[in-house]
Amino acid sequence: MAAKPVLYYFDGRGKMESVRWLLAAAGVEFEEVFLETREQYEKLLQSGVLMFQQVPMVEIDGMKLVQTRAILNYIAGKYNLYGKDLKERALIDMYVGGTDDLMGFLLSFPFLSAEDKVKQCAFVVQKATSRYFPAYEKVLKDHGQDFLVGNRLSWADIHLLEAILMLEEKKSDALSGFPLLQAFKKRISSIPTIKKFLAPGSKRKPISDDKYVETVRRVLRMYYDVKPN
Amino acid sequence: MSGKPRLTYINGRGRMESIRWLLAAAGVEFEEVFLQTREQLLKLGQDGSLLFQQVPMVEIDGMKLVQTRAILNYIAGKYNLYGKDLKERALIDMYVEGLADLYELIMMNVVQPADKKEEHLANALDKAANRYFPVFEKVLKDHGHDFLVGNKLSRADVSLLETILMVEEFKSDALAKFPLLQSFKARMSNIPNIKKFLQPGSPRKPPLQEKDIPSLLAIFS
């Protein structure tokens, strides 16, 4: 009987959300421990389970993995979502790198002032529609297949869907002008494990609100003065 | 026309330096194209060579790879510097990502406003001394091996050496409290491919000079 992975993070998206997406898409059930108090965090720090004193941390297969990329790489590899060889992995890594950069611009968003949120929103939408979405639209156009790499579902597809939905939360017609991405979005969203993750009651987290911001600041004693890009 | 990998970046460390290190450690010769103007970068973006209109870009095995991690992952995998299985890879990834955070923190010092530079550097050096170096000292202590993972050279060792040397450029006695890291550094620096890379005349790039910053910002912003 294999134990379920346990995710240690805040009750919100942040850097853990991509991990939730990937596990869910792979059909892997997981448990979560939410950081709520400074005391809890200090206890975790003292217990030595956070290699660099940071979360995300995921207990999986006897390991206490930290560093979001290390966690995602491991899950993708374990559940066959990382391509069939080094070259496919390189493509997946490139594509995930792009969506990671794009979603990275939104990580600070909840912590910004109302005025800065407007600026950051415009910045992210501009990057998405002029740099990132055109790149993925072209990948799909060039090979005409349903998935980004190797004609089968991979981490790159899951990560791109996550990014698309996040952008659409900021600008509902973000995909206008990208017909293949629109079809891609529908297709990937209807994959059973992903459809389930997108339905209410799943472990998917909502857009971060003020309560989330307060909790992170209280627990980490950081991020009081975050600037936009 | 050689089959050597070709690196496209500015003539400086930045995000390409860890790639130079890894190729050198693997004993792989490479060529470099240095961008000098913003126009050159834009032109490359327009002709489809840069997936996200950004460098680093490395032409290798018929691919035009961008995204530093994708490039490093590919090279590490190809040259057997990425562990023997998923679990070793996970350890390597954790170590490498932690070191990349430290490297990035230090790299960002040059773009801090003048009145914040000193504080920022002090924070980075504090992190090196209290968050990062202790972890690697403990890893080496716990297993007693010469290398961080799997008792053989991996990209994690290369990354650690690179980072140690960079921190020492700012604080020459950064390893004072870390005896195992000191012997690690000596050992790693003696590996023939790495020793060669550390000598003058190699593709290793010098630290960024203040005077070069304006021209770099002009290319990238």
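Quick note on labels: first sequence line is chain A, next is B, and so on, each numbered from 1. Worth knowing before you read on, the calculation uses all heavy atoms, side chains too, and leaves out hydrogens, waters and symmetry mates.
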> Can you list every salt bridge (Lys or Arg N to Asp or Glu O under 4.0 Å) pair that touches residues 175-184 of chain A, not counting sequence neighbours?
Replying inline: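 Pairs touching residues 175-184 of chain A that pass the test: none.
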
I'd like to check [X] versus [Y] (side-chain heavy atoms, cut-off strictly below 4.5 Å). Are they in contact?
X	Y	answer
F30(A)	V6(A)	no
V49(A)	L44(A)	yes
P56(A)	V19(A)	no
L35(B)	F220(B)	no
L106(A)	K170(A)	yes
L35(A)	V55(A)	yes

Chain A/chain B interface donor-acceptor pairs under 3.5 Å:
{"unit_1": "F52(A)", "atom_1": "O", "unit_2": "R131(B)", "atom_2": "NE", "d": "3.2"}
{"unit_1": "Q53(A)", "atom_1": "OE1", "unit_2": "R131(B)", "atom_2": "NE", "d": "3.3"}
{"unit_1": "D61(A)", "atom_1": "O", "unit_2": "K87(B)", "atom_2": "NZ", "d": "2.7"}
{"unit_1": "Q67(A)", "atom_1": "NE2", "unit_2": "D101(B)", "atom_2": "OD2", "d": "3.2"}
{"unit_1": "N73(A)", "atom_1": "ND2", "unit_2": "D93(B)", "atom_2": "OD2", "d": "3.0"}
{"unit_1": "K87(A)", "atom_1": "NZ", "unit_2": "D61(B)", "atom_2": "O", "d": "2.8"}
{"unit_1": "D93(A)", "atom_1": "OD2", "unit_2": "N73(B)", "atom_2": "ND2", "d": "2.9"}
{"unit_1": "D101(A)", "atom_1": "OD2", "unit_2": "Q67(B)", "atom_2": "NE2", "d": "3.1"}
{"unit_1": "R131(A)", "atom_1": "NE", "unit_2": "F52(B)", "atom_2": "O", "d": "3.2"}

> Is it the side chain or the backbone of M63(A) that comes within 4.5 Å of chain B heavy atoms, both, or neither?
Replying inline: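 M63(A) touches chain B through side-chain heavy atoms alone.
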
> When only pairs under 4.5 Å are counted, which of V66(B), V96(B), I71(B) shares the most heavy-atom pairs with chain A?
Replying inline: V66(B)

>> Looking only at heavy atoms and a cut-off of under 4.5 Å, which of L91(B), L86(B), I92(B) has the most pairs with chain A?
In response: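 Winner by heavy-atom pair count: L86(B).
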
